[in-house]
Amino acid sequence: MQFAEFSHQGSQTTSLGPPTTSGSSVSIKATSALGRYNPLKIEKKWQKYWQGKKLFQTKDTVKGKENFMLLTEFPYPSGNLHIGHWYAFAVPDIFSRYLRMRGKNVLYPIGFDAFGLPAENAAIKNKINPKKWTEQNIAYMTKQLQSMGATFDWSRKVSTIDPEYYKWTQWFFIQLFKKGLAYRAKTLVNWCPKDKTVLANEQVINGCCDRCGTEVVQKELAQWMFKTTDYADKLIDDLEKLDWPEVTKTAQKNWVGRSRGVEVNFLIPNSKEMIKVFTTRADTLFGATYLVLAPEHSLVTKLTTDDNLDKVNKYIQEARKKTELERTHLDKDKTGVFTGAYVVNPVNKEKIPVWVADYVIGQYGTGAVMAVPAHDERDFEFAKKYNLPVKMVICPNYPAPKCPVLEKAFTDDAYLVDSGEFTGMTSEEGRNKILEKLRKEKLAESKINYKLHDWVISRQRYWGAPIPMIHCSKCARLPARPAGGPDGQGYQPVPEKELPVKLPDLEDFKPTTDGRSPLAKAKEWLKTKCPKCGKDAERETDTMDTFVDSSWYFLRYVDPKNKKSFADAKKMKQWLPVRTYVGGAEHNTMHLLYSRFFTKALFDLGLVDFNEPFLVRRNHGVILGPDSQKMSKSKGNVVDPDDLVKKYGADAVRMYLAFMGPYEQGGPWSPGSINGVFRFLNRVWSLFEKTKIADKDSELEGVLNRSIKKTGEDIENLHFNTGVSELMKLLNKMEESGGSKKDKIIFLKLLAPFAPHLAEEIWFTLLKQKKSIHLENWPKYDEKFLKQEKIDLIIQINGRVKGVLKIARGVSEEETKTMAMSSEKVKPHLLGKTLKRVIFIPDRLINLVV
RNA sequence: GCCCGGGUGGUGGAAUGGCAUACACGAACGACUCAAAAUCGUUUGCCGCAAGGCUUGUGGGUUCAAGUCCCACCCCGGGCACCA
């Protein structure tokens, strides 16, 4: 390869400061091949060039190259890119470019998650149609995204509002419906009174709407749901094979909330009925002194004695009025009422009273619990308040039990006491034996419970993919099939050849007050024929939760224009599952759980051949405002990336974001600190521009080889901050020594993923290259040179540092010891002492113990 | 309450059990300039004139050697939470 000689001109009047917008008086004289570093000019130029050459359009296969999909969470088209988008997309782009240089066929896709409430609310506020509003935003944000200079493959862009996209969202719904995995049922659901729609459990944060913060209320409504609970076990167990952050895994485990225990039957005297309770502590059964029903429990009214009926009814009504927030978060002070009824404790046949209290959750387990005040904090509190007996049956010491008077519940496992034939057993043993005995009497069965609920996907809002179902009132009158069955309650799927069910254009798309979706206002659209009986029928008017759209978008990137299928099977095999997925931790229990469920369901339907969508997951942090607060317009602490790009250029912005701290951590934006990176880029520029270099031998081989290794490893581990600092160190060294031509070329290649435009400019303009630096291979390092570096070997006396030896690697212990002991700094410390021990760590230190 | 992270200079942060404070930011001083900006150079953990001593949230421990490992505690961030 031939390189142009580096030119150098003596006097420079060029300012390397940020180009000011206020028409500075500095005279600029371009005096070299490069001229002044003007990021704006060169960045636009190279972005155009890359686009024109289709440099980042990814082929399905390239001979000899391994496919690698690097996925980031596609953005919601809110209208403007904020600095967080740059963090989410521009920083992983460093990894994308690095992977290319390492010979991978990289797909770094982009798209828009464009349906959803915020768009609709913004459209209402701005009195504009959501479609128009969203499309404008997509167009604008596309331009902004392109200014990053990222390696997105725009030819594979996906948008969830494209009918060709949501056709498949609907198609998937129908496949799930046919399998019984999508069903309609009347249950207690979360209702946001402000957004006037139902929300999934995952979208309720501390009892409030995830979108608008309004307190959520419980309503009993018929809704479409996905049977996520069918996959509860797999959603936990399969986490094991994934390389995901521990936080995400535990969040998902907690969310699914698997708990193994026993379901115990408490018989009602003189009745065929019984009350089932779930417990994980069957060992405490002898200590059950009362039983509690949730207010929603079906047996409450039946059991309540006449003289208690008024009181109980009043209590239930009060409980109903409470919001989820009040009941589960604020109202920890427990209340309840006695029903007048008794049940029989199966282990000792004792009659215990039945209470109703809203600290018991109707939706979990059986909606009833046995109360063991001595060994459960909640029961203890309740028993104290209502003067119910506390009976201690687990004791920390046995034999010779000296059970203390309880001031609070004793909840640990220990030894059973006062428990009949089970007395003296450990908790573990007691649980097993008691279950064994009760099982024989058909009074108990082992049972696993989950906190996970089925995913409510119906939304009573306009801006979403219509649920592709048809309701026929005639067919509904036919004998009902079991709930959740394929065509229960008179609903038929839209015939697949009629997909997509297009979202109708509506003048008035605002949410209604009666809880029905605004789609009901599209009178013509609503009318259709029943696919089963052919009579007049109506379309379903609910739309799907946007999280359905985003549960499968990564599949579409593989084959975005396919009209016959959501994606071609062969192409899926080439690209999926996703190798690395980078995104925000806020999706731990939403998007990531939904996508996993969706993938597992598609796997069971035989539509994909993998049951986990994302092999490696990495979370990134959040960029806060300079005041360490979450950025928001109202706080006035928003950092605008466009302004920064104008001032410093895209290279500086992306590189600073990479440098500012550990990527998984994020942190506050520090307005001044970007100067450091900007200065660094200017110094790189100067190094190439100003210094004249003979093609001399490198003096930097040790440092250089270490940098190749370290920078590469740092990028692979997403430790971008230390990667940048390594390049800064290398530049410092090169400025000292000048560096050979070869060194500089290597340096430029290491820099290329971080500052792609600047690297490209120098590569073409100064080094007169004809092909993009981004098509180059990542430099190789040579272990041999790593060993050549001189090292500082530390001399310690009794573990305290006393001196340093500057020596080559690989010096023997004997030699080092001799050198150390004869060192002027060390000698005085050894006077009159005997050497007891020598600890020698090769190439690191020698510690003389005296 | 339970489960994860984390606590290191004025600031962001670095450190396979082996020189704590790399790399930056900021600051001070100097050079260039009539001047300023930019740039370049020097200094910059704390105490001390110095020799030297002290220092990774606190207190113990293991080790020749601890920011790193163990025990107890304090504080901050996040997740779950009346889930029986």
Side-chain angles (χ1 to χ4, degrees), chain A residues 12 14-18 20 24-26 205-206 245-255 257-259 261 277-281 284 292 294 327-329 331-334 357-361 363-372 375-379 381-382 411 449-452 585-586 588-589 619 621-622 656 659-662 664-665 667-677 679-680 682-683 686 719 721-732 735 792-804 836-841 843-850:
Chain A
Q12 283 279 324
T14 307
S15 163
L16 292 177
T20 48
S24 86
S25 57
V26 181
I205 312 293
N206 285 336
E246 254 346 279
V247 261
T248 309
K249 287 190 184 184
T250 24
Q252 297 213 348
K253 276 182 212 161
N254 289 343
W255 191 263
R258 179 165 60 193
S259 143
V277 306
F278 174 73
T279 179
T280 53
R281 292 295 303 273
T284 65
V292 194
R327 188 165 154 186
T328 60
H329 292 269
D331 214 12
K332 300 245 170 173
D333 184 28
K334 293 166 187 45
D358 66 0
Y359 78 88
V360 174
I361 295 164
Q363 313 244 4
Y364 181 76
T366 60
V369 302
M370 64 177 206
V372 185
H375 307 294
D376 181 282
E377 280 166 29
R378 296 150 299 179
D379 299 340
E381 194 191 314
F382 193 80
T411 55
N449 263 317
Y450 304 89
K451 286 190 226 171
L452 185 74
E586 70 273 22
N588 280 349
T589 53
N619 290 343
V622 179
Y656 175 61
F659 181 58
M660 62 183 280
E664 66 275 17
Q665 182 187 298
W669 177 263
S670 157
S673 300
I674 190 172
N675 274 321
V677 168
R679 276 204 278 260
F680 167 79
N682 274 296
R683 278 165 54 205
S686 305
H719 295 164
N721 55 331
T722 46
V724 174
S725 87
E726 187 61 32
L727 291 175
M728 289 174 165
K729 282 181 204 174
L730 183 56
L731 178 69
N732 289 344
E735 281 178 336
D792 292 347
L793 193 136
I794 306 308
I795 310 169
Q796 295 183 339
I797 310 277
N798 292 339
R800 318 269 307 174
V801 180
K802 295 298 174 193
V804 179
K836 284 186 202 143
R837 201 174 153 189
V838 177
I839 286 120
F840 176 70
I841 313 288
D843 299 338
R844 286 266 185 198
L845 66 74
I846 186 159
N847 187 8
L848 309 171
V849 185
V850 291

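Each chain gets a letter, A, B and so on, in the order the sequences are listed, and its residues count up from 1. Treat the numbers as computed from the prediction; the structure is a model and nothing was measured.
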Trainee: With rounding to whole Å, what would you report as the distance between rC75(B) and rG57(B) at their C1' atoms?
Mentor: 7 Å
Trainee: Please state how far atom CG in Asn619(A) lies from atom P in rG77(B), giving the value in whole angstrom units.
Mentor: 20 Å
Trainee: Closer than 4.0 Å, any side-chain N/O of Arg281(A) to the OP1 or OP2 of rA84(B)?
Mentor: no
Trainee: Would you mind classifying the nucleic acid contact of Asn732(A) as base, sugar-phosphate or nothing, using non-hydrogen atoms under 4.0 angstrom?
Mentor: sugar-phosphate
Trainee: Apply side-chain contact (heavy atoms from CB on, under 4.5 Å) to Ile839(A) and Gln796(A), showing your working.
Mentor: CA-CA 9 Å; Ile839(A) 286 120; Gln796(A) 295 183 339; over 6 Å; no
Trainee: Among the candidates rC80(B), rA84(B), rG18(B), find the nucleotide nearest to the side-chain atoms of Tyr364(A).
Mentor: rA84(B)
Trainee: Using the closest heavy atom to pick a nucleotide of RNA chain B for each, name whichever of Gly672(A) or Val804(A) lands nearer the 5' end.
Mentor: Val804(A)
Trainee: If I take atom CG from residue Asn847(A) and atom CZ from residue Phe840(A), how far apart are they, to the nearest 0.5 angstrom?
Mentor: 12.5 Å
Trainee: Please tell me if Arg679(A) has a side-chain N or O lying less than 4.0 Å from either OP1 or OP2 of rC23(B).
Mentor: no
Trainee: Choose from rA84(B), rC54(B), rG18(B) the nucleotide whose nearest atom is closest to any side-chain atom of Ile361(A).
Mentor: rA84(B)
Trainee: What is the per-nucleotide protein-contact pattern of nucleotides 2-16 of chain B, from the 5' end, where B denotes a base atom under 4.0 Å from a protein heavy atom, S denotes such proximity for sugar-phosphate atoms only, and - denotes neither?
Mentor: -SS-------BSS-B
Trainee: Determine the Euclidean distance between corresponding C1' atoms of rG45(B) and rG9(B); express it in Å to zero decimal places.
Mentor: 5 Å
Trainee: Can you tell me how far P in rU63(B) sits from the matching atom in rG12(B), rounded to whole Å?
Mentor: 36 Å
Trainee: Please state the P separation for the pair rA27(B) and rG18(B) - nearest whole angstrom.
Mentor: 35 Å
Trainee: Grab the CD-P distance between Gln363(A) and rA81(B) for me, whole Å please.
Mentor: 13 Å
Trainee: Between the protein and nucleotides 28-30 of chain B, are there any N/O to N/O pairs under 3.5 Å, and if so, what are the atom names and distances?
Mentor:
none

Trainee: Rounded to whole Å, how long is the line connecting atom CG of Leu848(A) with atom C1' of rA65(B)?
Mentor: 13 Å
Trainee: Nearest whole angstrom, please: distance from the P of rA38(B) to the CZ of Arg683(A).
Mentor: 15 Å
Trainee: With rounding to whole Å, what would you report as the distance between rA81(B) and rG59(B) at their C1' atoms?
Mentor: 32 Å
Trainee: Whole angstrom is fine here: how far is it from CG in Asn798(A) over to P in rG18(B)?
Mentor: 19 Å
Trainee: Measure from NZ on Lys836(A) to C1' on rA65(B) and round the result to the nearest Å.
Mentor: 15 Å
Trainee: Taking rC40(B) as the reference, what is the distance to rU8(B) when you measure between their C1' atoms (whole Å, please)?
Mentor: 31 Å
Trainee: Given the rule in the side-chain contact (heavy atoms from CB on, under 4.5 Å) test, do Trp255(A) and Asn588(A) qualify, once you have shown the distances and angles that lead to the verdict?
Mentor: CA-CA 10 Å; Trp255(A) 191 263; Asn588(A) 280 349; over 6 Å; no
Trainee: I want to check something: taking the side chain as every heavy atom from C-beta on, are Ile794(A) and Val804(A) in contact at a cut-off of under 4.5 Å?
Mentor: yes
Trainee: Can you tell if the side chain of Phe680(A) reaches within under 4.5 Å of the side chain of Leu727(A), non-hydrogen atoms only?
Mentor: yes
Trainee: Under a 3.5 Å limit for both distances, which nucleotide forms a Watson-Crick or G-U wobble pair with rU16(B), could you say?
Mentor: none
Trainee: Provide the Watson-Crick or G-U wobble partner of rA35(B), both distances under 3.5 Å; none if there is no partner.
Mentor: none
Trainee: Carefully, step by step, assess Arg281(A) and Val372(A) under the rule side-chain contact (heavy atoms from CB on, under 4.5 Å).
Mentor: CA-CA 9 Å; Arg281(A) 292 295 303 273; Val372(A) 185; over 6 Å; no
Trainee: Looking only at heavy atoms, which two atoms of Pro662(A) and Asn721(A) are closest? And how far apart?
Mentor: N-ND2, 3.5 Å
Trainee: Check the distance between rC80(B)'s P and Asn588(A)'s CG and give it to me in whole angstrom.
Mentor: 9 Å
Trainee: Is Arg683(A) reaching over with its side chain to a backbone N or O of Met728(A), donor-acceptor style, under 3.5 angstrom?
Mentor: no
Trainee: Does any part of the side chain of His375(A), heavy atoms only, come nearer than 4.5 Å to the side chain of Thr411(A), both counted from C-beta?
Mentor: no
Trainee: What does rU56(B) pair with, Watson-Crick or G-U, if both distances are under 3.5 Å?
Mentor: none
Trainee: Using 30° and 60° as the class boundaries, would you call the ring planes of Phe382(A) and Tyr359(A) parallel, tilted or perpendicular?
Mentor: tilted
Trainee: Return the pairing partner of rU42(B) with a 3.5 Å limit on both distances, Watson-Crick or G-U wobble; otherwise return none.
Mentor: rA28(B)
Trainee: Please report the distance separating the P of rU55(B) from the corresponding atom of rG67(B), rounded so that it comes out in whole Å.
Mentor: 10 Å
Trainee: Can you list the steps and then say if Glu726(A) with Leu730(A) is a side-chain contact (heavy atoms from CB on, under 4.5 Å)?
Mentor: CA-CA 6 Å; Glu726(A) 187 61 32; Leu730(A) 183 56; 5.7 Å; no
Trainee: Between rG18(B), rG26(B), rC82(B), which nucleotide has the shortest distance from any of its atoms to the side chain of Tyr359(A)?
Mentor: rC82(B)
Trainee: If pairing requires Watson-Crick or G-U wobble contacts with both distances under 3.5 Å, which nucleotide is the partner of rC80(B)?
Mentor: rG1(B)
Trainee: Would you kindly give the CG-to-P distance between Asp792(A) and rC19(B), to the nearest whole Å?
Mentor: 11 Å
Trainee: Ser259(A) has a side chain; which of rC82(B), rA84(B), rC64(B) sits nearest to it?
Mentor: rA84(B)
Trainee: Assign rG61(B) to syn or anti; the rule is syn for a glycosidic angle within 90° of 0 and anti otherwise.
Mentor: anti
Trainee: side-chain hydrogen bond (donor to acceptor under 3.5 Å, both in side chains) with Gln252(A): which residues, sequence neighbours excluded?
Mentor: Arg596(A)
Trainee: Suppose you measure atom P in rG6(B) against the same atom in rU16(B); what distance do you get, rounded to whole Å?
Mentor: 14 Å
